[in-house]
Amino acid sequence: MSGAPSEKDSQKVEVHPAQSVAYGELQDYISHRTGAGHHDALNLDALTSAKGKKLLEMAQADLELVQETGYKPELRRNFSVISLLGVGFGLTNSWFGISASLITSISSGGPMMVVYGIIIVAFISSFIAITLSELISAMPNAGGQYYWTMKLAPKKWAGFASYMCGAFAWAGSVFTSASVTISIASSLVGMYMLYHPDEEPQTWQVFVTYEIVNVLLVFFNIWEKPLPMISQSSLYISLASFFIITVVVLAKSGGEFQSAHFVFVEFTNGTGWSSGGIAFIVGLINPNWSFSCLDAATHLAEELLEPRKQIPIAIIGTVIIGFITSFSYSIAMFFCIKDLDGLYTSNTGVPIMDIFHQVVGSKAGAIGLEFLILLTAIGCNIASHTWQARLCWSFARDNGLPGSRYWSKVNARTGVPVNAHIMSCVWCGIIGCIYMGSTSAYNSMVIGCIIFLLMSYSVPVFFLLLRGRDSIKHGPFWLGKLGLVANYVTIAWTIFTTVFYSFPPVMPVTAGNMNYVCVVVAVFGAYCVIYWVLRGKHKFTTTDDREGHIDELTQQFSNQLSQLEIILSHEKPV
């Protein structure tokens with residue numbers, strides 16, 4: 001790493017007394033019980049109180065973070081396994097992803113492509129989930145993959161590799177939010193079009209709706225306290241919507257179903273590719289989108305009491321629930337299709353709603369079922385905002401972004417990185433402008449989020465294999481040889497998707513239907529390299545910079561923990 005030490009010391013790791021919401025909460029508790037006039041408080045049984053126990057666990061978890069990483073805890077540890085699963089599954093939401101991307105998948109091979117695509121992608125995703133779970137269990141940190149890269153890569157390359165990994169991960173999160181927002185906007189416009197069959201949806205209508213939705217959903221991630229409840233609600237709404245839609249559609253079909261041959265065997269290639277294999281692979285993009293973003297839970301590592309155990313549960317659970325719901329949901333929907341050609345010719349642009357309309361025979365009924373998907377999509381977008389804000393904030397606290405001193409701040413009143421959240425949403429709004437220039441923008445956004453994220457997963461895995469899996473301290477979740485297989489599968493799948501997902505979705509290729517994801521990746525990658533050379537390598541904070549202040553931070557947080565333990569031991573009833 002180049003750059004004068006004085007410049008790095010002044011602009012990177014300045015160790016001041018912690019001022020976070022969580023630290024302040026602990027200090028208030030300690031001050032209240034040690035201050036004058038509060039001796040009667042010693043009669044309280046704080047050890048058996050929920051607050052006393054949680055504050056002690058929080059202090060212990062914060063001290064562990066400081067001792068192992070040198071990072072100063074700044075967020076309140078307020079998430080449980082269920083609320084964490086709400087973020088993980090709420091964002092991945094596989095059955096909703098199938099609904100949102102249905103038409104592209106069907107045109108790439110028909111229903112059978114979606115059904116078998118889900119099996120293939122879920123199988124691959126289980127290996128990716130194992131890989132991420134092992135790494136977060138061994139090295140819990142809100143930075144996730146870019147932090148693992150920093151720890152695993154040779155010192156000569158650690159800074160650059162970690163920076164590129166973090167930049168690609170954050171870009172993937174922003175593209176994901178943009179793709180989900182486009183789905184919500186398309187759904188809303190499609191609802192209007194269902195009642196106006198003679199009209200054609202205009203690009204500007206979706207764009208304006210997109211920008212309005214993007215602004216409105218910003219407010220759900222401004223305050224920390226309701227976030228766990230919102231996350232749990234999103235999980236319950238998603239599962240309830242899945243159940244209600246599946247039952248209603250099957251019941252209203254009146255026993256008139258498509259044949260098993262239509263669902264499991266019949267291959268329909270509407271892509272223009274002469275090769276059915278290429279058409280099938282291109283179609284895998286959409287099931288893959290439905291199982292992407294598996295790293296979301298890892299970036300909440302500093303908001304959990306036991307991240308080493310809790311996050312692997314959430315990641316693995318996301319894949320399991322995602323497969324069960326998406327597989328059964330897609331089969332149910334495909335058996336109930338009345339007119340496949342009608343899905344292609346519909347003016348709504350929302351094929352799943354057209355299926356509802358065909359089955360229930362009522363526009364109001366179709367809108368009602370689509371509204372459940374809309375609620376699920378909103379929960380998905382809120383979870384995506386939570387994820388992208390944590391990624392942006394954690395990357396910025398290591399000076400990974402221009403203006404990091406603004407994006408690395410945690411709002412003292414609301415308890416979340418509000419600046420990072422708003423900045424990420426602004427970029428979502430900017431990306432939405434691409435939609436006005438090309439109708440293929442949605443597909444490019446989907447592919448962009450997949451490739452960026454897979455690349456960010458593979459970078460630390462590559463260095464883990466290069467260094468040796470036994471060279472790091474294993475966490476509670478470690479699967480030995482199966483984990484090794486999972487590592488190789490993750491890298492192989494990244495290479496495969498980067499190549500084949502860059503292919504045009506349809507043939508012949510025109511400027512309007514071209515797959516521009518390779519251009520996006522190349523341009524963004526070039527920007528990152530240039531930024532690194534000109535500024536990043538002089539500013540970016542590495543593990544050496546962080547770990548040089550471990551002793552100082554450890555003393556600060558050890559003192560806090562000791563004070564709390566003394567107070568609680570005195571309050572314990574005899």
Side-chain angles (χ1 to χ4, degrees), residues 87 90-93 96-97 100-101 166-189 203-222 227 230-231 234 289 292-293 295-296 299 374 376-396 400-404 406-407 416-453 456 516-517 519-521 523-524 527-528:
V87 173
L91 172 57
T92 303
N93 239 319
F96 156 70
S101 58
F168 273 47
W170 179 64
S173 70
V174 174
F175 271 86
T176 300
S177 292
S179 66
V180 177
T181 309
I182 282 287
S183 298
I184 295 174
S186 300
S187 177
L188 290 169
V189 173
T203 302
W204 68 265
Q205 294 172 323
V206 177
F207 169 73
V208 171
T209 307
Y210 171 98
E211 298 296 350
I212 293 173
V213 169
N214 186 50
V215 170
L216 292 178
L217 293 183
V218 165
F219 296 97
F220 288 91
N221 270 274
I222 296 293
L227 263 183
I230 292 173
S231 300
S234 298
W289 183 62
S292 61
C293 318
D295 65 301
H299 303 290
L374 181 65
T376 301
I378 290 172
C380 179
N381 211 345
I382 293 171
S384 187
H385 284 178
T386 303
W387 167 51
Q388 71 178 14
R390 300 308 185 276
L391 250 173
C392 180
W393 162 74
S394 61
F395 194 42
L401 296 169
S404 287
Y406 302 112
W407 322 131
V416 295
V418 175
N419 293 353
H421 168 52
I422 293 177
M423 191 268 280
S424 298
C425 289
V426 167
W427 274 106
C428 286
I430 294 172
I431 291 174
C433 297
I434 300 174
Y435 191 83
M436 287 294 292
S438 171
T439 55
S440 64
Y442 170 76
N443 202 45
S444 294
M445 278 188 257
V446 169
I447 302 170
C449 80
I450 294 172
I451 291 180
F452 277 131
L453 292 174
S456 75
Y516 294 100
V517 70
V519 178
V520 172
V521 172
V523 170
F524 184 75
Y527 158 75
C528 291

**Spatial distance of atom CZ (Phe175) from atom CD1 (Ile447) [nearest 0.5 Å]** = 11.0 Å

**Asked** Is there a donor-acceptor pair closer than 3.5 Å between any side-chain N or O of Thr209 and the backbone N or O of Gln205?
**Response** yes

**Inter-residue atom distance Ser187.OG - Leu374.CG, 0.5 Å rounding** = 5.0 Å

**Fill in**
For Ile382 and Asn221 the tightest heavy-atom approach is O-ND2, 3.0 Å

**Item:** Phe220 CZ: over 12 foreign heavy atoms closer than 6.0 Å
**Value:** no

**Request:** Check the angle between the aromatic planes of Trp427 and Trp170 and answer parallel, tilted or perpendicular using the 30° and 60° thresholds.
**Result:** perpendicular

**Asked** If you look at every heavy atom in Trp289 and Cys449, which pair is closest and at what distance?
**Response** CD1-SG, 3.5 Å

**Asked** Under the side chain to side chain contact (heavy atoms under 4.5 Å, CB included) criterion, do Phe452 and Val520 qualify, and how do the steps go?
**Response** CA-CA 10 Å; Phe452 277 131; Val520 172; 4.1 Å; yes

**Distance, nearest 0.5 Å, that separates CD1 of Ile422 from SG of Cys392** = 11.0 Å

**Message:** Are Ile184 and Leu217 packed together at the side-chain level, in the sense that at least one heavy-atom pair is separated by less than 4.5 angstrom?
**Reply:** yes

**Step-by-step side chain to side chain contact (heavy atoms under 4.5 Å, CB included) determination, Val213 to Leu188** = CA-CA 10 Å; Val213 169; Leu188 290 169; 4.0 Å; yes

**Complete:** Correct closest heavy-atom pair for Ala420 and Trp393 would be CB-N, 3.8 Å

**Prompt:** What are the two closest heavy atoms between Ser424 and Gln388, and how far apart are they?
**Reply:** CB-NE2, 3.4 Å

**Request:** For the pair Leu453 and Thr176, evaluate side chain to side chain contact (heavy atoms under 4.5 Å, CB included) and give the outcome as yes or no after the intermediate values.
**Result:** CA-CA 10 Å; Leu453 292 174; Thr176 300; 4.0 Å; yes

**Prompt:** Within the distance-only criterion (no hydrogens, no angle test), does the side chain of His421 pair as donor or acceptor with the backbone N or O of Val218 below 3.5 angstrom?
**Reply:** yes

**Request:** Output yes when a side-chain donor or acceptor of Asn381 lies under 3.5 Å from a complementary backbone atom of Val180, and no otherwise.
**Result:** no

**Message:** Whether the side chain of Ser186 engages the backbone of Ser183 through a donor-acceptor N/O pair (distance < 3.5 Å, no angle test) should be reported.
**Reply:** no

**Close side-chain approach of Trp387 and Asp295, heavy atoms under 4.5 Å** = yes

**Message:** Rounded at 0.5 Å granularity, tell me how far CZ in Phe207 sits from CH2 in Trp204.
**Reply:** 11.5 Å

**Fill in**
Heavy atoms of Cys380 and Phe96 approach each other most closely as SG-CE2, 4.2 Å

**Request:** Answer yes or no: is there a donor N or O on one side and an acceptor on the other, between the side chain of Asn93 and the main chain of Gly90, under 3.5 Å?
**Result:** yes

**Message:** Nearest 0.5 Å, please: how far is CG in Leu401 from CH2 in Trp407?
**Reply:** 9.0 Å

**Fill in**
Taken to the nearest 0.5 Å, the spacing of Cys425 SG from Ile430 CD1 works out to 11.5 Å

**Asked** If every non-hydrogen atom of Thr181 is compared with every non-hydrogen atom of Asn214, which pair is closest and at what distance?
**Response** CG2-N, 4.1 Å

